[in-house]
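Every number for a ligand or one of its atoms is a count from 1 in the order of the listing.
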Amino acid sequence: MDADAKKQQAALAALKFVEDGMSLGVGTGSTVNFFIDALADRAADLSAVVSSSEASTERLAKTGIRVSRLATEGDLDLYVDGADEATEFLHLIKGGGGALTREKIVAGASRLFVCIIDDSKLVGTLGQFPLPIEVIPMARSYVARQLIKAGGRPVWREGFITDNGNEILDVHNLEIPNPVEVENRLNQIPGIVTVGIFAQRPADVLLVSSDDGVREMR
Ligand code: 5RP
């Protein structure tokens, strides 16, 4: 099974969590795109669909799904999103697509977070994937210096502007043995908007797609 087939298999497995009348948050990325495409038939049964990025909003709209604003919705019943890395404790690295801040907001506002990945993303310890960090543009070099002091090697994602008008530093060589502690510590650096560690609010369900099918971890 190739990578796309695994992503699609994970996305289709997430459909069983979608119930009539639910409010649904939709993440961002190539795995979620398969979920959006499969959602077309179910959209009319949902009370609201909220998006985590302009890219997903556009894809949802093309699929004929009306997108509501989180600001006018209460908490959401369900959030479905991908990840760049995940552990057995359901801690995640996200933000490869640069949508981490809105994704973290929607995840925080959701009662159930179902994360869909293929098995190449399941790791023992987070940090092999460079950690995306969204920064206020004027703070970029200051934040980069603090990240070097913390043992990382930040690389500016040059030319990329987030949906919030900010920039991204991808931090290499960061060991993240304790994701909750590292997430809290990095969040204290002035100028950081969001770090791509999702540990304070981890996934509730992890669907891991492989050649053998989809394994559900909680
Ligand atoms: C976007 C994300 C994505 O969920 C993550 O990058 C995984 O993407 P893909 O499904 O394309 O591998 O966090 O900001």
I'd like to check which ligand 1 atoms, numbered from 1 as shown, lie under 4.0 Å from a non-hydrogen atom of [X].
X      : answer
Gly98  : 14 (O)
Thr31  : 9 (P), 10 (O)
Gly82  : 4 (O)
Lys7   : 12 (O)
Lys121 : 7 (C), 9 (P), 10 (O), 12 (O)
Ala99  : 14 (O)

Output yes when a side-chain donor or acceptor of [X] lies under 3.5 Å from a complementary backbone atom of [Y], and no otherwise.
X      : Y      : result
Arg102 : Asp163 : yes
Asp170 : Leu131 : no
Ser47  : Met22  : yes

Applying a heavy-atom cut-off of 4.0 Å, say which part of Asp81 lies close to ligand 1: side chain, backbone, both or neither.
side chain
Side chain, backbone, both or neither: which part of Ser53 comes within less than 4.0 Å of ligand 1 when only heavy atoms are counted?
neither
Does a side-chain heavy-atom distance below 4.5 Å link [X] with [Y]?
X      : Y      : result
Leu78  : Val114 : yes
Asp20  : Arg42  : yes
Gln200 : Asn184 : yes
Leu15  : Leu39  : yes
Asn164 : Val193 : no

Is the NZ or CZ atom of Arg145 both under 6.0 Å from the centre of the six-membered ring of Tyr142 and within 45° of that ring's axis?
no
Return a yes/no value for Gly29: is any of its N or O atoms, backbone included, closer than 3.5 angstrom to an N or O of ligand 1?
no
Is Gly95 in polar range of ligand 1, meaning some N or O pair under 3.5 Å apart?
yes
Measure from [atom] to every heavy atom in [options] and give the option owning the shortest one.
atom                   : options                : result
atom 3 (C) of ligand 1 : Asn33, Ile168, Thr28   : Thr28
atom 2 (C) of ligand 1 : Glu103, Glu134, Lys104 : Glu103
atom 4 (O) of ligand 1 : Arg102, Glu85, Lys94   : Lys94
atom 7 (C) of ligand 1 : Ala83, Gly97, Ser56    : Ala83

Would you mind checking which non-hydrogen protein atom is closest to atom 9 (P) of ligand 1, with the distance to 0.1 Å?
Ser30 OG, 3.3 Å
For atom 5 (C) of ligand 1, what is the closest protein heavy atom, and at what distance to 0.1 Å?
Asp84 OD1, 3.2 Å
Which is it for Val205 and Leu207 under the side-chain contact (heavy atoms from CB on, under 4.5 Å) test, yes or no, and what are the steps along the way?
CA-CA 7 Å; Val205 178; Leu207 298 178; 4.0 Å; yes
